[in-house]
Amino acid sequence: MHDIRWIRENAAAFDKALGRRSLDDQSRKAFSSANLLAIDERRRAAILQFEQAQARRNAASKEIGAAKKNKDEAAAAALMAEVNALKDRLPALEAESKSAEEELNKLLATIPNLPLAEVPDGQDEHGNVEHHKHGAVRNYSFTPKQHFELGEALGMMDFETAAKLSGARFVVLKGQLARMERALGQMMLDVHTQEHGYEEINPPLLVSDDAMFGTAQLPKFEDDQFFAADSSSLTQMAGQIADMLDKLDASGEELLAIEKAALQGSRRWLIPTAEVPLTNLVRESIIDESKLPMRLTACTPCFRAEAGAAGRDTRGMIRQHQFTKVELVSITTPEQSNAEHERMLASAEAVLKKLDLHYRVVTLCAGDMGFASQKTYDIEVWLPGQNMFREISSCSVCGDFQARRMNARYRGKDNKPAFVHTLNGSGVAVGRALVAVMETYQEADGSIVVPDALAPYMGGMKKIERKA
RNA sequence: GGAAGGGUGGCCGAGUGGUUUAAGGCAGCGGUCUUGAAAACCGCCAGAGGGGCAACUCUCUCGUGGGUUCGAAUCCCACCCCUUCCGCCA
């Protein structure tokens, strides 16, 4: 969320930076400082009128108190008449200032963060710039298979049964592959807690609307999310809707609005990433500067509707409705955040280095970055079976963009509260790490060599093979 | 789910319709004293949003939203959350 006062004072810089994002023409117009500041003007004028009326009401009420004390009933009655007249005007003035405020906030809530100056220009993933590479493509004496071919042949990866239980984009892992996925998560948590100073958190997986707004999954990306509602509330809701239908001749659109409003109280969102609960840990609070930076990590399932990904990565575990991910979150001061970003990237890379996987780091261009990000590094791991790099981590610095939405502040030396900076990154995606290990460590016979770093987490096992 | 109690500034806590313009304490910041520190003493110290070149000033916020009233932290209604007990439950 942007600060309207900052936009007021830096209108040209705002327009220029936002212009580097890829936006459609309609958004470009709506998000222009000219449009925002026009609404802001209206808002401030309305506030001024409303508050002046309130000020007079308050002053007159005090005068009434004084008049009554002096037994001057005539003066009191005259003042009461004045206040009553004033009170007729107040609701309209309040409505006006509230609606202007709401209009501005609704618009601000859908404007993406501004890219930092050093972020490269570009419209989409083709504009991304390689930062550095680690390792090299291995030589195989055979044609490497894709992970799902390997997993299905081993009898430990079952998409068909998963479809029976849950539909497309789910998987059942069995036996040693299930264990290896667990081992990967354990190993990553140990690396981050023991070597990188992150605190392990076991957060809720169902979160409120407010939490989802705080990290900016809402309102704009509602379609990518799953939610859960308790059944009894839904039954109640159905009753309410039925009652309302009797009273009004509702159109389809109105019905949907009623349904959404009724749902709002009872629903919880399934987290699309542990970034949401971890970052919101500091929402609506003022943290002492001595507690910063806070470094948090969690290994959780993540849930994504993948609404816009029809037809993409339909085979295998690359794009699932449910996957496991180890997440890293840092809460810092504004001064520390960029250095923390580099540190977080290094922490994520350390995991891939331990697994001895080939990868590259790319700096996302302005047009390809996520909504809340100021600057993003993606780590892409080499998949021999797919013969290409695939994203396995994304590390972003968000500045005060999320902090403003969450109202998360710290108190520094000058004793004034200021918004914290937030960062998040995968450290790393566990499902995709399993894919990378399987494809990288496969043998000609379809077995998978267990990387040394993982062996202690798998009871010293050296190799995953099909049961005889 | 039922019953009872509670929610006041960063924290603790007083406050039952009009000098509350939210007391007091803790923590924090600045100072005096000290070789330095501690203690003691003095001062400052909630947040957000408006107006003003500025000095300054106004509005809102006592869990949230409504209501009563000339006037609400205080009275009424609804909801949320916390604590304790009971029930159910992994």
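Order of the sequence lines fixes the chain letters, A, B, ..., with proteins taken first and strands second; residue numbering starts at 1 for each chain.
- Relative orientation of the A:F170 and A:H321 rings is tilted, given thresholds of 30° and 60° on the angle between their planes.
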Would you give me the side-chain donor-acceptor pairs under 3.5 Å for residues 157-166 of chain A, sequence neighbours excluded?
residue : atom : partner : partner atom : Å
A:D158  : OD1  : A:E160  : N            : 3.1
A:D158  : OD1  : A:T161  : N            : 2.9
A:D158  : OD1  : A:T161  : OG1          : 3.2
A:D158  : OD2  : A:T161  : OG1          : 2.5

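- A distance of about 45 Å separates the P atoms of B:C41 and B:G52, rounded to the whole Å.
- Taking 4.0 angstrom as the limit, A:R5 places a side-chain polar atom (N or O) nearer than this to OP1 or OP2 of B:G49.
- In this structure, B:A40 forms a base pair with B:U32, meeting either the Watson-Crick or the G-U wobble geometry with both donor-acceptor distances under 3.5 Å.
- Distance CD (A:E289) to P (B:C29): 11 Å, rounded to an integer number of Å.
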What one-letter contact string describes nucleotides 51-76 of chain B from 5' to 3', where B marks a base within less than 4.0 Å of any protein heavy atom, S marks contact via sugar-phosphate atoms alone, and - marks no contact? S------BBS-----S---BS-----
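- Rounded to whole Å, atom P of B:C26 lies 18 Å from atom CG of A:D288.
- Regarding A:I47, its CD1 atom lies at a distance of 6 Å from the P atom of B:G50, rounded to whole Å.
- When both distances must be under 3.5 Å, the Watson-Crick or G-U wobble mate of B:C53 does not exist.
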Give the table of side-chain donor-acceptor pairs shorter than 3.5 Å for residues 81-90 of chain A, with sequence neighbours excluded, one pair per line with atom names and distance.
residue : atom : partner : partner atom : Å
A:E82   : OE1  : A:R56   : NH2          : 2.9
A:E82   : OE2  : A:R56   : NE           : 2.7
A:E82   : OE2  : A:R56   : NH2          : 3.3
A:N84   : ND2  : A:M80   : O            : 3.2

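- For the pair A:K291 NZ and B:G28 P, the computed distance is 12 Å after rounding to whole Å.
- One interatomic measurement links the two molecules: OH of A:Y410 to P of B:C29, which rounds to 15 Å at whole-angstrom precision.
- Counting only residues at least two apart or on different chains, the ring-ring contact (aromatic ring centres under 6.0 Å, His included) pairs with a member in residues 176-207 of chain A are A:H192-A:H196, A:H192-A:Y198.
- Contact annotation: A:R411 side-chain N/O to B:C45 OP1/OP2 distance is not under 4.0 Å.
- As rounded to whole Å, 13 Å separates atom C1' of B:G47 from atom CD of A:E284.
- For B:U34 and B:G15, the P atoms lie 43 Å apart once the distance is rounded to whole Å.
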Enumerate donor-acceptor pairs with a distance under 3.5 Å from any side-chain N or O in residues 424-438 of chain A to protein atoms, sequence neighbours excluded.
residue : atom : partner : partner atom : Å
A:N424  : ND2  : A:E275  : OE2          : 3.3
A:S426  : OG   : A:S394  : N            : 3.0
A:R432  : NE   : A:I318  : O            : 3.0
A:R432  : NH1  : A:E391  : O            : 2.9
A:R432  : NH2  : A:I318  : O            : 2.9

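- Under the Watson-Crick or G-U wobble criterion, with both distances below 3.5 Å, B:G87 has no partner in any strand shown.
- The stretch residues 99-108 of chain A does not touch RNA chain B, since none of its heavy atoms comes less than 4.0 Å from the strand.
- Following rounding to the nearest Å, A:L93 (CG) and B:G50 (C1') show an atom-to-atom distance of 14 Å.
- Sorted by first then second residue, the ring-ring contact (aromatic ring centres under 6.0 Å, His included) pairs that include residues 274-302 of chain A, not counting sequence neighbours, number zero.
- Nucleotides B:A73 and B:G9 place their C1' atoms 13 Å apart, quoted to the nearest Å.
- Remark: the separation of the C1' atoms in B:C58 and B:G31 is 33 Å, to the nearest Å.
- Here, B:U21 and B:C60 have their C1' atoms 15 Å apart, quoted to the whole Å.
- Side-chain N/O atoms of A:E102 and A:S99 include no donor and acceptor closer than 3.5 Å.
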Pair up each side-chain donor or acceptor in residues 287-304 of chain A with any protein partner under 3.5 Å, not counting sequence neighbours, and list the distances.
residue : atom : partner : partner atom : Å
A:D288  : OD1  : A:S290  : N            : 3.1
A:D288  : OD1  : A:S290  : OG           : 2.8
A:E289  : OE1  : A:K413  : N            : 3.4
A:R295  : NE   : A:E340  : OE1          : 3.4
A:R295  : NE   : A:E340  : OE2          : 2.7
A:R295  : NH2  : A:E340  : OE1          : 2.8
A:T297  : OG1  : A:E327  : O            : 2.9
A:R304  : NE   : A:P272  : O            : 2.9
A:R304  : NH2  : A:P272  : O            : 3.0

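- Comparing B:U64 with B:U8, their C1' atoms are spaced 15 Å from each other, to the whole Å.
- Taking the C1' atoms as reference points, B:C62 lies 15 Å from B:U16, given to the whole Å.
- With 3.5 Å as the limit, one finds a donor-acceptor pair spanning the side chains of A:S33 and A:D15.
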Output a table of donor-acceptor pairs, distance under 3.5 Å, between side-chain atoms of residues 210-220 of chain A and any protein atom two or more places apart or on a different chain; print 'none' if there are none.
residue : atom : partner : partner atom : Å
A:T215  : OG1  : A:A211  : O            : 3.3
A:T215  : OG1  : A:Q217  : OE1          : 2.7

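- With both ends at atom P, the span from B:U74 to B:G6 equals 15 Å, rounded to whole Å.
- Using a 4.0 Å cut-off between a side-chain N of Lys or Arg and a carboxylate O of Asp or Glu, A:R44 and A:D40 qualify as a salt bridge.
- When Watson-Crick and G-U wobble pairs are counted only if both distances are under 3.5 Å, B:G18 pairs with B:C70.
- Taking the nucleotide of RNA chain B with the nearest heavy atom to each of A:D40 and A:K416, the more 5' of the two is matched to A:K416.
- Base-pair partner of B:G47: B:C60 (Watson-Crick or G-U wobble, both distances under 3.5 Å).
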